[in-house]
Structures are given as C-alpha cells and as structure tokens.
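Okay, structure first, notes after.
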Amino acid sequence: MSGFPDDIPFFDEDDLPPRQSPAAPAQAPGGIAARAMAARGPQHQVPDYLSGLNPEQRLAVETTEGPVLVLAGAGTGKTRVLTTRIAHILASGRAYPSQILAVTFTNKAAREMKQRIGVLVGEAVEGMPWLGTFHSIGVKILRRHAELAGLRSDFTILDTDDVIRLIKQLIQAEGLDDKRWPARQFAQMIDGWKNKGLGPSEIAEGDARAFGNGKGRELYRAYQERLTTLNACDFGDLLCHPIRIFRNHPDVLKEYHRRFKYILVDEYQDTNTAQYMWLRLLAQRPSADSGPINICCVGDDDQSIYGWRGAEVDNILRFDKDFPGATVVRLERNYRSTAHILGAASHLIAHNEGRLGKTLFTEKPNADDSKVMVHAAWDSEEEARAVGEEIEAAQRNTKHNLNDMAILVRASFQMREFEDRFVTLGLNYRVIGGPRFYERQEIRDAMAYFRVVAQGADDLAFERIVNVPKRGLGEAAIRQVHDTSRALRIPMLEAAAQLAESDEMKPKPRAALRQVAANFARWKELLDNTPHTELAEIILDESGYTAMWKNDKSADAPTRLENLKELIRSMEDYESLRSFLEHVALVMDAEQNEDLDAVNIMTLHSAKGLEFDTVFLPGWEEGLFPHQRSLDEGGRSGLEEERRLAYVGLTRAKKNLHIWFTSNRRIHGLWQSTLPSRFLEELPEAHVEVAESGSGYGGYGDRQSGRSPYGASRFDNVGSSGGSSFSNAYATPGWQRAQANRTEATDRNWGSRSGHSVERIGYGEVDSGYGAGRSSVKGRTIDGELVAKSVSDTPSAFKVGNRVFHQKFGNGTVAAIDGNKLTIDFDKAGQKRVLDGFVNPV
DNA sequence: ACCTAGGCAATTTTT
DNA sequence: TTGCCTAGGT
C-alpha cells in the first residue's frame, strides 16, 4: 500500500457505530459527532441546524435512508441541503466522517462544501477524507490499488497538453500523416470513449474506423500501453481504472461497500456515463451485505449545460428507475431572484421538452422590482460602451459594489470588447476562468523538471525540458535517446545517461546529455533529505532555467520570473514535492483576488453556481446565442442545451437583469449583420421591458411595422393571462426596428420574400456566418433542426471599383474580392472586410 | 539547430 | 482579426 499522508486506514466492522433507525437516533458515539450533537442543546427536539430549513429541504436532509433524488432548482438552497444532510448524518451518529462519500465536479464546490460543513459541525471536517471531486477520489482509490491497473502507486497524472504530445508521437509512429489526423481530435475521441467507460476493445467498430485510416482502435490500444510504460494515466483513467478494478476484483469493491454508508452526489445532471457506472458500482451493493442504498443525488436537469463534454442528462431523468423506490424531493422555493427574473427564466425554460419539470417561485413581493430589461445596440462596441455606462451609473447612484455585478458571455471572444472598454474607463474588472496559472509555459516547464525528479519514468516531462533551456540537443539527438529508450525498454532519462557514457553520439550533444543526466541524478538524491521548496529552487537554478528567463529581453520575461517565484511560494503549503505535484494535476485553478472591488466577466458556463445582484447578458443574437455550432451539431437537443444555458444566465441575477443584442458583430474579422436571439421572443412580456437606447438604431431607412415576419410568436400565451400577441409585447420602436432589421437581413441572404410562405421557417434561416466555413456552407435550420445544407460557391456579383452601400459603414468602393468576402474602402469608415451579402450596389 | 513568414481555424471547460 | 503551427530558409 502506498502510505500517502492523508491515507486513512480502513475501519473494521467492529469499529463502526451501531446502525440506528432514523426514527430513534440514539446516543451519539464519541468524537466529532458527539460535539455536533452537543451543539444542538439537550432538550430541543429539533437540532438547530435543521430549524432554518423549509419543509422540502428538511425532507431532503432527514430522509437519510434509501435512494433520494433532490431536484434543486436554481437558488433553492442546494448546497445548504447537501451540507446539512452530511451534518445531520454525522450528528445523529449514523456514520463516521470517513464513511461518507461525497462527490462534486469542481474543486471549488468541494472546498465550499468542506467549509460549510465545518461551520455546522465544528472543525471536524478534516475527518471527511472522501469528500472531493470525482477525480480526486478516483486518484485516491487508484493509488491504493494501482498494481491492479498495471501501475505503480506513484503514477503521474497527465494533463491535456501531455496527452496531445503523446498521441502525436503515436500517430507518427503509425506512419500516419499527423496533419490529416490531428492529435487533438483523437485526444477528444479518447476522452469521449473514456467518458463512456469504454476501453480499446469495447469501442464501436465504426468509431474505431473513423480515425487514422481505420486504425483508431490500434491507436487507442497503443496509447494505453504507452501510458502504462510511462507509469501514467490521463484524467479519464482516474475514473475508468477504478471502474475496471471494481468489476474485476469483487473483494476490493466489497471493501468500499463496507466503508461507504452514505453516498452524496452534487450536480448529478452533469455526470457522464463513466461517473454513473462508478456510482452504480459503489451504490448497488448486494443486499446481503448491508441495508438500503443510501445514495442522495442532487441536481437540476434544467441546468445541464455540459452535454458536449459527455454529461448525460438522462442519468438524472431516469434516477427513479435505477433506484426503485427513490424519494424524489423538489426544491422550488427560490431565495435568490425577484419575481420578474424568475418569471422570465421559468417561461424561457418551459420551451424545452423532456424536463422533469419544476416551477420556481418566490415569496418576495415584486412591487419595486424592475423588470428584466432588453437593450438593443448597434454593434458590439456600443454594447460594451452602454454596459460600461450602466455599471458606472449603478456604482454612482446606488453605491452598488462592482463585485456584485457580472457580465456573462456566451463565448470568450466577447470578453475583449468589454475589457478594452473598461480599461479606457478605468473600471476595475476581473476575468473569471481565463488562462490558468498552472497552464503557463514557464510553470509547465518548471513542473516538468519536478516531475522527472519525482518520477524518472515520466518521458513526456523529460522530453519537454531536455532542451529547455537550449542545450544544443535537437531533433536528431532526441530521436537517438528515444530509440535507445525503446530498444532497451528503459525510461528516456536512463537512456540518456547510458548514451552519455557510450560513444554512439557526437561529442557536443553527448556532453549536454551527460550534464542533464548528472543533474537529475544529483537532484534525485536530494529529494528525500532536502526541503522540497529548497530543492525546487536548486533545480530551477542549476538547470539554467531561471537564467534563461533572466537573459530574455522580451517584455513578459519579468512576469514569468515572478510566476516562478510564486510557484515556489505556493509549494510551501504542501508537505512534499509529490503531494504538490498531485495537487497541481488535480487542481488547476489558483485563487482569485476577492479583495479588489471589480466587475466580474466570465462565460455563462463558468457562472453556474454563482449569483450577483446585477447581471448583464450581452450578445443575445442568433448564431452566437444560441450558438450556430450547437445547432448544427446538436440539432434540437443542441438548442435545448443552449436554452438551458440561457436559463442558467437568467437565474444568476438577484435583482437586476439586463439582456443585450446587437445588429452588427465582427466575427473572425468580418462584420456581419445579426438577428436578435430567438430566446428573446421566448421571454414573457409580463416580466420584460424593452429599453430604448439613445443611439441604437439610426442611420438607415425606417421600416414600418413591428409585424413579425414569422407570424405570432409561439410562446406568448404560455402561462400568461391573455393571448396577447407578439407585437404587443415588443411594440417599442427599438424592437420594431430590430424586427425590420431581421426582415432585411433575411431578404438579403435569401433573395426574396417569397421564401417565407412556409410557416415560421424564418427562425435561424439566415446564414449568419457562424460555423460556415470558407466554402460558405449555408445551413438552414428550423428551430435548431438542420433541414438543409447547401454549398454555395457562387462568386460575388460585385466587381472591383463598384460603389456599394453598407448599413454600418455607409458608402464605399470595392477594393478587392475574395470569394464572397469583399474588401471595401469606405468613404468614412476606412478599409473593412465584409461579406458580400451585407452590401448593396449603389 | 534555430528563426520567421504565411497558412489555417476560430464555442462552451473541469479534472 | 488574431493566434498558433508548420514549413522552409539560414
């Protein structure tokens, strides 16, 4: 066994507290639970940690035995239920902390849970060794039984970067063209297979054939073999290996069955098939072994937004079939948002099919609350400017903290414009979920050095840094090391040491290799008797890595040196080099500075689970949100996932919610005309107000009529009192102009109005350019379902020198033509590149 | 062995 | 438009 510092020995059955019936909790056993019990006071029937719960929450907490599914809508106290439930299990003496398995998806969620249980139960959470992410718990299990997966317990965890480099080598080794068969793509395929728990021999023939001239299966197999020789595994293996171990070694599984009396799962709607299998194996013990399956899954099907990375909403939808007799608790009382915000969100999400169905409600009166505001902007620049102004106004007039405001975007490229704007305004902002500390080049390089010292078989790390800093070891030299390593079946580091002593190599690289090998040998000796931070400094120093950046004159060199210092500093928090490496592999994020008052900017995805007083949702345009690519790849279910994403966005807001859309947006350098998102039409008029923006729409011909070209919107009487028509809901001039714009754009792209005879075909009909490649593949979609795809390579009708008019830029002269892309010298706006569909001849 | 210009592709992200 | 990667040059 591995003997890791946090390794907790298994209890024997005798050590366990007596099983108690939920109805009559007996005397708590000693230790933690007793302290928690004491906290509730002797005479009260209801412990105070339960008293603040509403009836549903309380049911979810107190139904400790048997399978429980908690459908927790946004802002209904999900985490509270989860943490209180654990506290309750502990306090009532049902289990020791080490007998509870509690899994989350993110480290952040795990941290928060630990902290909140700590508050409830006292400082005793240290004793909850099995509260963590799927992956961190997976590592823990795998370290214990590594040999059953063909690994040593000091195996390395590879990150995506390592994996891609490794796969690239394998593709080349197979004699395949690595341009035609990109490693990144295959890495994604492997990831997909592992998400489903499939090994090389279990994947579908078709999938296996689809890559690398039919060599997909061989490649996958070679990949796994390579991982084994490297004594390494990827993220997927952290789940797949334990699954296989559990399946093949019932005795091992039985140990865990005996150990875990209670299982809790957070964000159940995000579980993929592998995680589901893992949970089933742990939860479904043979009945002879123990009592009921005490599994409690908490989730919200309406917030399932990770289908694209393998999450199966179906897991939550069929929970009661998997666990017959499950208690299902719905949490629908929302404590976060105003009635307007909830009304808008509920109405929107009601357009999805296949939901378990929840209706959020609040008891807050809505008299003073403002409605959800929908704003129109001319282009993304104006959008950023206007949002900036609103933020400043809120800060001035209502002394609103910037920390309480957030801008949630669909795609990260949208962030730039806001950042630019805020920089010029001098407005503090922070980007959440941007590039991460441990992903920086200098940090990865340093880590690669450490990895080789800690685990000499880590060839990927070795290869990364053999020639960093430059030591004159080029492709030829590295190939030689590689070949020797293969031939003798030894790690590259060892191969390098041997080559350095033989005369198979030219003198220069040979000397360099000898130096490298000698260094690593020396560092390795220091590993056990030198404080690890000190060792780290020695390594970076003696390897010449620090010197490399000191000699670098580029602008970011000082920052990199600073980052390296920060890296060493952060190592102090860990006991050993090894535990530090593990932390970094699993916890890629670094803490954010919360002290500064700053506006938060992030994607909708990373906003899940957060809340803000004021939320801005820019970019609600067809093609961007819902994203064209989701529609193309996911069809109807893709659209529904986008809608859930919109729902997540709406429900982040506590008090104020502002949605924006623009008429023009620059995508990949091209200006394109855009249409308001269909999601806007799915908002209920009762809770929404269309704001008139000052500058918004001007400058081009007025279209009369707010008539929707597609007939009445299909939703507007869902749940609202009257059968009010679409045009009533958005009868303001700005909206009408937006509609007019939509009509115009539609006409522009499809030539004539006659195509509109088909019922409501207008949705997403326009090729907005997203996802349409250079060859201009136009996708026609109805409600997200792809109905037709056609390639149009029609050369542009324009000629160089033609005078044209563009909505945004005015008059200009065509300067160059590239397919359907025109370069135009505008009289006022200068030279721009636009799609030919967006200009008209003058 | 190292450096630099053009080609190419561009959601969402955790671990 | 930007950023990344690769090929081809020095």
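Because only heavy atoms are used, hydrogens play no part in the values below, and waters and symmetry mates are left out as well, while side chains stay in. Throughout, protein chains are lettered first and strands after them, A, B, ... in sequence-line order, and every chain is numbered starting at 1.
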Atom [atom1] of [X] and atom [atom2] of [N]: how far apart are they, to the nearest Å?
X        : N      : atom1 : atom2 : value
A/Asn664 : C/dT1  : CG    : P     : 17 Å
A/Lys608 : B/dT15 : NZ    : P     : 12 Å
A/Gln414 : B/dT11 : CD    : P     : 12 Å
A/Met505 : B/dA1  : CE    : P     : 10 Å
A/Glu267 : B/dT13 : CD    : C1'   : 14 Å
A/Leu238 : B/dT14 : CG    : P     : 16 Å
A/Glu640 : B/dT12 : CD    : C1'   : 18 Å
A/Glu621 : B/dT11 : CD    : C1'   : 15 Å

For B/dA9, is there a stacking contact with A/His668, counting only centres under 5.5 Å and planes under 30°?
no

Would A/Tyr306 count as stacking on B/dT14 if stacking means ring centres less than 5.5 angstrom apart and planes tilted under 30 degrees?
no

Consider the side chain of [X], meaning its heavy atoms from C-beta on, and name the nucleotide among [options] that approaches it most closely.
X        : options                : result
A/Thr106 : B/dT15, B/dT11, B/dC2  : B/dT15
A/Glu642 : B/dT11, B/dT15, C/dT2  : B/dT11
A/Arg436 : B/dC3, B/dT11, B/dT14  : B/dT14
A/Arg309 : B/dT15, B/dC2, B/dT13  : B/dT13
A/Ala411 : B/dA1, B/dT11, B/dC2   : B/dT11
A/Thr133 : B/dA10, B/dT15, B/dT12 : B/dT15

Presence of [X] side-chain N/O under 4.0 Å of [N] phosphate oxygens OP1/OP2:
X        : N      : result
A/Ser412 : B/dT12 : yes
A/Thr603 : B/dT13 : yes
A/Asn107 : B/dT15 : yes
A/Lys108 : B/dT15 : no
A/Arg471 : B/dA1  : no
A/Asn272 : B/dT14 : no

Under 4.0 Å, heavy atoms only, any strand: does [X] hit a base, just the sugar-phosphate, or nothing?
X        : answer
A/Ile305 : nothing
A/Arg416 : sugar-phosphate
A/Asp270 : nothing
A/Arg410 : base
A/Lys168 : sugar-phosphate
A/Phe105 : sugar-phosphate
A/Glu475 : sugar-phosphate

Comparing A/Lys470 with A/Ser606, nearest DNA chain B nucleotide closer to 5' gives the residue A/Lys470

Check against salt bridge (charged side-chain N to carboxylate O under 4.0 Å, His left out), A/Arg644 and A/Glu641:
CA-CA 5 Å; A/Arg644 290 193 292 266; A/Glu641 184 154 311; 3.4 Å; yes

Inspect the surroundings of NZ in A/Lys196 and state if more than 12 heavy atoms from other residues, nucleotides or ligands are less than 6.0 Å away.
no

How far does CD of A/Gln275 sit from CG of A/Asn315, to the nearest 0.5 angstrom?
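Here the interatomic distance stands at 9.0 Å.
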
Sole candidate of A/Lys168, A/Arg451, A/Arg444 that passes salt bridge (Lys or Arg N to Asp or Glu O under 4.0 Å) when paired with A/Asp162:
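Only match with A/Asp162 under salt bridge (Lys or Arg N to Asp or Glu O under 4.0 Å): A/Arg451.
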
Using a 6.0 Å distance limit plus a 45 degree cone around the ring axis, check whether A/Arg309 lies over the aromatic ring of A/Tyr306.
yes

Are A/Met447 and A/Leu567 packed together at the side-chain level, in the sense that at least one heavy-atom pair is separated by less than 4.5 angstrom?
yes

What's the verdict on side-chain hydrogen bond (donor to acceptor under 3.5 Å, both in side chains) for A/Tyr647 and A/Asn352, showing C-alpha distance, side-chain angles and the deciding distance?
CA-CA 11 Å; A/Tyr647 174 77; A/Asn352 272 2; over 6 Å; no

